[in-house]
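Worksheet: the structure to be examined is printed underneath.
For ligands, and for the atoms within them, numbers begin at 1 and follow the listed sequence.
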Amino acid sequence: MKRVIVTGAAGFIGSNFVRRALETQPDWHLVGYDALTYAGNVQNLAGLEQTGRFEFVHGDICDAPAVAALFAAPVWGLINFAAETHVDRSIHGAAAFVQTNIGGTQVLLDEARKHGLEKYVQVSTDEVYGSLGPEGRFTEQSPLAPNSPYSASKAGADLLVRSYWRTHDLPAVVTRCSNNYGPYQFPEKVIPLFITNLLEGKQVPLYGDGLNVRDWIHVRDHCDALISVLARGTPGEVYNIGGDCELTNVALTHAILRELGKDESMIRRVKDRPAHDRRYAICADKIATQLGWSPRVDFATGLAETVRWYVENEAWWRAVKSGEYQKYYELQYGGR
Ligand code: NAD
Ligand code: TDX
């Protein structure tokens, strides 16, 4: 059995990754590790320990002794999803972003180096490349030009990972993916926020002119790409991952409204996000050529499936759309 540590396992992509890896990698034993911040939810991993190939450990990636304890048994691989992930929150306050995204990554890298492993994967984002004009796509050679405290902290972590590979021969790989959607996504991100607002009969807050472009990928496709990188990625390399599905936020909003049988009156135009990146688009040719991965879920099917998941899992999103989240939402949108 290959023992794989999955940090940030109780979040959106981490929990989808654990589920997908249990389905497709019979020789992996997964250890989920998560601090359970506002974005982490053990419910996202419900039932998985019954497989006998998954266990959950509650802990912070900034806590070096706790991370060291994960290495008490031999570790084959570590994939780091743990992060503060919401751009708007990073505008309100960057401290937690620097602490977890950079400081936490440094702790993971040091423990991985001390104890040894076969592969370390840093799950990063296309946002480290900054913003595109109307033409072109990000390649792995695009310069890093982050525009938000969130993306700056992710870029800082990417550079640390590279330095541990160069300096300490740590077998580390970085991935940079575009915008994910699918089940278990926290309803602060645009797709689940808009779906759940509409299910509650509330309007959806569309930033600025709504013409910013994102390249959407279903979380299952992202997880399959990450499994191939963990299994076969070359240390020292960066792999871009994208869905080849560019949409303006207006087009995305209309698709969600259509799925739920609502009209344009449900759109509320709100002020723009500061330094709002205009366009992201990923060239994923390298991972296609070198690791044989390409996205499979078509957007219309994936979105319909996702809307259905939120309709069927109302208890899940009602529980997370309260408490601390509500306070933040009121700060962001002026109370509703
Ligand atoms: P998420 O916010 O849903 O989950 C993050 C998880 O990390 C949560 O479970 C949280 O409890 C945990 N966490 C936070 N701080 C921690 C700490 N100090 N120690 C341990 N655990 C901690 O985020 P997500 O959307 O699942 O993103 C996962 C990763 O993928 C992030 O690194 C993010 O930058 C990256 N990414 C996300 C997207 C996207 O579209 N969502 C796209 C590209 C890359
Ligand atoms: O209420 C909203 N209204 C709106 O118009 C929100 C929350 C967002 N938006 C717009 C801003 C963006 O152009 O929708 C687009 C997507 O916004 P987010 O869901 O906040 O995602 P984004 O900022 O693109 O970042 C996401 O993708 C890359 C994730 O949150 C990151 O963690 C990931 O790295």
Side-chain angles (χ1 to χ4, degrees), residues 6-17 32-42 44-45 57-63 66-67 79-91 96-97 99-101 103-105 107-108 122-128 131 146-148 150-151 153-154 157-158 175-182 184-194 197 203-217 219 222-223 226 240-243 247-250 252-253 267-273 276-280 282 320 329 332-333:
V6 183
T7 59
F12 162 49
I13 308 176
S15 61
N16 277 283
F17 177 86
Y33 184 76
D34 199 295
L36 301 178
T37 68
Y38 79 96
N41 185 348
V42 278
N44 299 355
L45 299 163
V57 178
H58 181 200
D60 192 319
I61 60 167
C62 302
D63 180 348
V67 173
I79 180 162
N80 180 27
F81 293 95
E84 288 293 331
T85 61
H86 193 38
V87 173
D88 294 323
R89 283 180 185 256
S90 80
I91 296 166
F97 287 76
Q99 193 178 331
T100 286
N101 300 4
T105 298
V107 168
L108 295 177
Q122 177 74 7
V123 181
S124 187
T125 168
D126 60 357
E127 299 199 17
V128 298
S131 185
N147 291 317
S148 71
Y150 162 68
S151 52
S153 68
K154 293 296 289 185
D158 289 10
T175 63
R176 297 188 179 133
C177 187
S178 60
N179 285 60
N180 284 224
Y181 70 99
Y184 299 100
Q185 186 167 30
F186 196 87
E188 65 188 352
K189 309 291 165 40
V190 73
I191 290 185
L193 175 70
F194 283 16
N197 269 17
Q203 287 182 301
V204 298
L206 184 60
Y207 294 168
D209 65 6
L211 296 179
N212 305 67
V213 172
R214 296 294 182 265
D215 177 355
W216 291 98
I217 182 172
V219 65
H222 185 194
C223 291
L226 292 172
N240 280 356
I241 302 166
L247 284 178
T248 62
N249 291 335
V250 168
L252 173 70
T253 305
I267 299 176
R268 173 179 163 209
R269 297 279 184 168
V270 298
K271 70 175 186 322
D272 211 354
R273 170 186 283 174
H276 191 177
D277 287 334
R278 195 61 172 168
R279 176 172 168 259
Y280 303 143
I282 276 279
V320 297
Y329 193 78
Q332 175 76 8
Y333 301 111

Should one rank [options] by closest heavy-atom distance to [atom], which comes out on top?
atom: atom 33 (C) of ligand 1; options: Tyr150, Phe186, Tyr181; answer: Tyr150
atom: atom 5 (C) of ligand 1; options: Ala35, Ala83, Ser153, Gly40; answer: Ala83
atom: atom 17 (O) of ligand 2; options: Arg273, His276, Arg269; answer: Arg273
atom: atom 8 (C) of ligand 1; options: Asp34, Asn16, Thr100, Ile79; answer: Asp34
atom: atom 38 (C) of ligand 1; options: Val190, Ile13, Ile61, Thr125; answer: Ile13
atom: atom 7 (C) of ligand 2; options: Arg279, Arg278, Glu188; answer: Glu188

Whether [X] lies under 4.0 Å from ligand 1, heavy atom:
X: Ser124; answer: yes
X: Gly59; answer: yes
X: Thr7; answer: no
X: Ser178; answer: yes

Can you tell me which portion of [X] lies within the under-4.0 Å heavy-atom range of ligand 2? Options are side chain, backbone, both, or neither.
X: Asn249; value: side chain
X: Leu193; value: side chain
X: Lys189; value: both
X: Val190; value: both

Can you check whether [X] has an N/O within less than 3.5 Å of an N/O in ligand 2?
X: Glu127; result: yes
X: Arg214; result: yes
X: Asn212; result: no
X: Thr125; result: yes

Would you say the side-chain atoms of [X] pair up with the backbone N or O of [Y], donor to acceptor, closer than 3.5 Å?
X: Tyr33; Y: Asp60; result: yes
X: Asn180; Y: Ile217; result: no
X: His58; Y: Ala35; result: yes

Item to check | Candidate pair Glu127 and Tyr280, rule side-chain hydrogen bond (donor to acceptor under 3.5 Å, both in side chains), full reasoning | outcome: CA-CA 8 Å; Glu127 299 199 17; Tyr280 303 143; 3.3 Å; yes
Checklist entry - Asn179 heavy atoms, cut-off 4.0 Å: which ligand 2 atoms fall inside? => result 21 (O), 22 (P), 24 (O), 25 (O), 26 (C), 27 (O)
Checklist entry - What are the atoms of ligand 2, with element, lying closer than 4.0 Å to any heavy atom of Thr85? => result 30 (O), 31 (C), 32 (O)
Checklist entry - Can you list the ligand 1 atoms lying under 4.0 Å from a non-hydrogen atom of Leu36? => result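 That gives atoms 11 (O) of ligand 1.
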Next on the checklist: I'd like to check which ligand 1 atoms, numbered from 1 as shown, lie under 4.0 Å from a non-hydrogen atom of Asn179.
Outcome noted: 40 (O)
Sub-3.5 Å N/O-N/O distance, [X] and ligand 1:
X: Glu188; value: no
X: Thr85; value: yes
X: Cys177; value: no
X: Asp60; value: yes
X: Ala82; value: no
X: Lys154; value: yes
X: Thr37; value: yes

Checklist entry - What protein heavy atom sits nearest atom 28 (C) of ligand 1, and how far away is it? => result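 Ranked first by proximity to atom 28 (C) of ligand 1 is Phe81 O, 3.4 Å.
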Checklist entry - Between Lys154 and Asp126, does at least one N-O distance fall below 4.0 Å, as a salt bridge requires? => result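 No salt bridge links Lys154 with Asp126.
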Checklist entry - Cation-pi between Arg89 and Tyr38: NZ/CZ under 6.0 Å from ring centre and within 45° of the ring axis? => result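 Geometry flag: set, cation within 6.0 Å and 45°.
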